[in-house]
Amino acid sequence: MRRAVCPGSFDPVTKGHIDIFERASAMFDELIISVFHNPGKDKAAFSMEERVEMLREATAHIPNVRVTGFSGLLNEFCRQEEAPFIVRGLRAFTDFEYEFQRALLMKKIDQSIETVFIMTNAEYSFISSSGVRELATFGGKLSDLVPECVEKHVREHAFKKFEDGMEKVQ
Ligand code: ADP
């Protein structure tokens with residue numbers, strides 16, 4: 001069985017991510033989407049459980065996908081799951097530099113793991129989780145950026161953040 005891991009912060013999952021999942025799921029027998037903590041990023045806006053729940057809802061239409069959370073080393077997760085492929089999406093040059101370093105580091109750690117890149121769909125190339133969070137804070141339109149089931153969670157989260165901020169001001 002050809003099994004691949006698609007790791008990421010998914011804070012929250014966007015239409016850009018979903019497009020990568022749909023295309024990757026056609027290339028492998030099973031695609032394991034795994035929420036990882038990225039130490040290079042600030043504390044996540046959504047908890048691990050919330051991100052896993054949003055991913056499960058948003059990928060319910062893809063039959064060979066499994067969603068899980070993991071805290072630890074990606075290569076160990078791949079070994080544990082018997083998945084020798086890592087799938088990552090690529091948007092612009094800025095993604096390339098970062099992804100290139102990560103893929104080389106992974107190869108150094110474990111020769112048996114291959115990182116596979118899928119180029120973004122032009123329609124989604126401008127979408128990022130941080131952009132979604134920012135737009136939600138100011139009540140912007142999210143329907144082009146995230147699946148409908150995710151929009152609800154993001155709006156609730158932004159509203160709660162707003163309320164917490166108001167309490168601090170009062
Ligand atoms: P990480 O913190 O691991 O970079 P992200 O959730 O930001 O996690 O991204 C996960 C993967 O999805 C990365 O490979 C990223 O480049 C890719 N990705 C993010 N947004 C898009 C998009 N709009 N189109 C294609 N790939 C994307």
Side-chain angles (χ1 to χ4, degrees), residues 3-28 30-59 62 65-78 81 83-107 109-110 113-137 140-151 153-154 157-158:
R3 201 177 275 132
V5 173
C6 196
S9 308
F10 309 118
D11 190 32
V13 59
T14 68
K15 285 195 172 177
H17 294 131
I18 301 290
D19 177 61
I20 298 293
F21 302 152
E22 286 170 351
R23 289 155 65 199
S25 68
M27 296 162 63
F28 298 96
E30 187 181 33
L31 184 70
I32 306 168
I33 300 167
S34 192
V35 180
F36 273 82
H37 168 63
N38 183 341
K41 289 185 177 173
D42 290 343
K43 190 179 173 296
F46 293 90
S47 70
M48 175 74 91
E49 291 72 24
E50 286 171 320
R51 285 179 280 161
V52 167
E53 189 191 333
M54 285 189 275
L55 278 161
R56 286 201 176 130
E57 283 184 49
T59 58
I62 317 175
V65 151
R66 178 152 54 92
V67 181
T68 175
F70 189 79
S71 59
L73 289 173
L74 180 55
N75 60 302
E76 282 171 11
F77 181 73
C78 289
E81 294 291 342
F85 302 101
I86 294 173
V87 173
R88 297 280 294 174
L90 268 188
R91 279 164 300 185
F93 291 112
T94 40
D95 271 350
F96 178 79
E97 184 70 36
Y98 171 72
E99 296 294 340
F100 181 66
Q101 297 292 341
R102 273 179 68 142
L104 288 186
L105 184 63
M106 187 52 69
K107 204 66 190 153
I109 296 170
D110 192 332
I113 298 174
E114 285 300 341
T115 305
V116 178
F117 294 104
I118 298 184
M119 200 66 73
T120 185
N121 183 325
E123 198 185 333
Y124 304 127
S125 61
F126 63 94
I127 304 179
S128 66
S129 298
S130 57
V132 167
R133 293 196 306 271
E134 200 173 313
L135 206 60
T137 309
K141 182 170 168 262
L142 300 177
S143 54
D144 290 339
L145 313 183
V146 295
E148 210 181 321
C149 57
V150 172
E151 188 173 345
H153 291 278
V154 175
H157 181 269

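Residue numbers start at 1 and run along the sequence shown. The model shown is predicted, which means the values in this text are computed figures rather than measured ones. Atoms within each ligand, like the ligands themselves, are counted from 1 in listed order.
- Judged by distance alone, with hydrogens and angles left aside, the side-chain atoms of Arg51 form no donor-acceptor pair with the main-chain N or O of Phe10 at under 3.5 Å.
- Residue-to-ligand polar distances keep Pro7 apart from ligand 1: every N/O pair is separated by 3.5 Å or more.
- In the vicinity of Phe10, heavy-atom distances shorter than 4.0 Å reach the ligand 1 atoms 6 (O).
- In this structure, the side chain of Lys15 engages the main chain of Ser143 through a donor-acceptor pair within 3.5 Å.
- Between Phe36 and Phe77, the ring planes lie perpendicular to each other; the angle is over 60°, past the 30° to 60° tilted range.
- At least one heavy atom of Ile20 sits less than 4.0 Å from an atom of ligand 1.
- Looking at Thr120, Ile118, Leu74, Thr115, it is Thr120 that brings a heavy atom closest to atom 25 (C) of ligand 1.
- Annotation: Thr14 places no N or O atom under 3.5 Å from an N or O atom of ligand 1; distance criterion only.
- Between Gly8 and ligand 1, not a single N/O pair is under 3.5 Å apart.
- Residues forming a salt bridge (charged side-chain N to carboxylate O under 4.0 Å, His left out) with Glu99 (at least two apart in sequence, or on another chain): Arg88.
- Atom 7 (O) of ligand 1 has its closest protein heavy atom at Lys41 NZ, 2.9 Å.
- Side-chain atoms of His157 come within 3.5 Å of backbone N or O of Ala45 as a donor-acceptor pair.
- Proximity annotation for atom 21 (C) of ligand 1: of Arg91, His37, Arg51, Arg91 comes nearest, heavy atoms only.
- At under 3.5 Å, a nitrogen or oxygen of Asn38, whether backbone or side chain, sits near a nitrogen or oxygen of ligand 1.
- Side-chain atoms of Glu57 and His153 form a donor-acceptor pair, as typed in the model, at a separation below 3.5 Å.
- In this structure, of Arg23, Arg88, His17, the residue bringing a heavy atom nearest to atom 3 (O) of ligand 1 is Arg88.
- Close approach of ligand 1 to Tyr124 (heavy-atom distance below 4.0 Å) involves ligand atoms 22 (C), 23 (N).
- Residue contacts with ligand 1 include Glu99, since one of its heavy atoms falls under 4.0 Å from the ligand.
- Scored by the side chain to side chain donor-acceptor pair (under 3.5 Å) test, Arg56 finds no partners at all (sequence neighbours excluded).
- Closest to atom 8 (O) of ligand 1, if we only count protein heavy atoms, is Ser9 N, 2.9 Å.
- If you check each of Ala92, Gly89, Cys6 against atom 17 (C) of ligand 1, the one with the closest non-hydrogen atom is Gly89.
- Of the residues listed (Val65, Ile62, Val13), the one engaging Ile33 in a side chain to side chain contact (heavy atoms under 4.5 Å, CB included) is Val65, and it is the only one.
- Note: Phe85 and Phe28 have tilted aromatic rings, judged against thresholds of 30 and 60 degrees for the angle between ring planes.
- Under a cut-off of 6.0 angstrom, the local environment of CZ in Phe100 is sparse, with at most 12 non-hydrogen atoms contributed by other residues, nucleotides or ligands.
- The Arg102 neighbourhood of ligand 1 comprises atoms 3 (O), with distances under 4.0 Å to a heavy atom of that residue.
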